[in-house]
Amino acid sequence: MNTKKIITIDGPAGSGKSSTSKRVASELGYTYLDSGSMYRAVTLKVLELNINPQSDRQVQEIAEKAEIELISQNGQNQILLDGKDVTSEIREPKISKTISSVAANKGVRSILAEKQKEIGKYSGIVAEGRDMGTVVFPDADLKIYMTASIQARAERRYKQLLESGIKVDLDKLISEIRERDKMDSTRKHSPLRQADDSIILDTSNMSLDDQVNWIVDKAKALGANVS
Ligand code: DC
């Protein structure tokens, strides 16, 4: 039996995908693919080069040329853009304001989807994003759709940002998340939606440990190996 499975974890911002996906990957000894970080890196480059984010062709060119590397070492994940470590910078609020138009760009999506498929070729993988189970890995072994109430999601994001030294207004965060949900789920190309064959995990009242154990148990039941 193939014990190297493809696990996809999709869902809206702040549903707990990132912390859960990282831990699930590390418990199974799998590669963690943070697809959102790739959209963030392209957005950073668009901002750095002062490109109009609405210019589909120019933004697509940026995505084509950008060298994006995801590095996982000793449980730490790093993202390099053209050789430079941008792990913290891509989490800054300036990125969130522009990213929806970058993520809505059809050309960018197909370029990044190819890179993501390549990463998924060689080992067990936990792929996190919005379209991992629907578009990039439609044949994944286990598809999870994580969700939570807007309030719970905003509070989590608030805490995460605070821990990285960024203080924001909670109400503003709630309206930004609401706006981002709307854009993510109504965009024309690869909108955020639940794959028909995915399992819903509502994390509003779940601890991180519970979320991780729930998914790891499901993966093991499918025969995923644990290293
Ligand atoms: O998961 P995140 O917050 O880092 O995602 C950042 C943005 O990228 C979010 O607005 C949606 C977009 N995204 C996407 O469109 N498709 C993905 N597979 C991952 C993220």
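It should be emphasised that the depicted structure is a prediction, and the values quoted were computed from it without experimental measurement. As the structure lists them, so they are numbered: ligands from 1, and atoms in each ligand from 1.
- Using a 3.5 Å distance cut-off with no hydrogens or angles, the side chains of Arg57 and Gln60 do not pair a donor with an acceptor.
- Atom NZ of Lys159 is separated from atom CD of Glu163 by 6.5 Å, given to the nearest 0.5 angstrom.
- Cluster membership check: Leu49 shares its hydrophobic cluster with Val59, using side-chain heavy-atom separations under 4.5 Å among Ile, Leu, Val, Met, Phe, Trp and Tyr.
- Counting only N and O atoms by type, the side chains of Ser72 and Asn77 include a donor and acceptor under 3.5 Å apart.
- There is a side-chain donor-acceptor pair under 3.5 Å between Tyr39 and Arg109.
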Give me the pairs of N or O atoms, one from ligand 1 and one from the protein, that sit under 3.5 Å apart.
unit_1   : atom_1 : unit_2 : atom_2 : d
ligand 1 : 1 (O)  : Arg130 : NH1    : 3.0
ligand 1 : 3 (O)  : Arg40  : NH2    : 3.0
ligand 1 : 4 (O)  : Arg40  : NE     : 2.7
ligand 1 : 4 (O)  : Arg40  : NH2    : 3.4
ligand 1 : 10 (O) : Arg180 : NH1    : 3.0
ligand 1 : 15 (O) : Arg109 : NH1    : 2.9
ligand 1 : 15 (O) : Arg109 : NH2    : 3.4
ligand 1 : 15 (O) : Arg187 : NH1    : 3.0
ligand 1 : 15 (O) : Arg187 : NH2    : 3.0
ligand 1 : 16 (N) : Arg109 : NH2    : 2.9
ligand 1 : 18 (N) : Ser35  : OG     : 3.0
ligand 1 : 18 (N) : Arg130 : N      : 3.2
ligand 1 : 18 (N) : Asp131 : OD1    : 2.8

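- Of the candidates Arg187, Arg180, Lys182, Asp184 forms a salt bridge (charged side-chain N to carboxylate O under 4.0 Å, His left out) with just one, namely Arg187.
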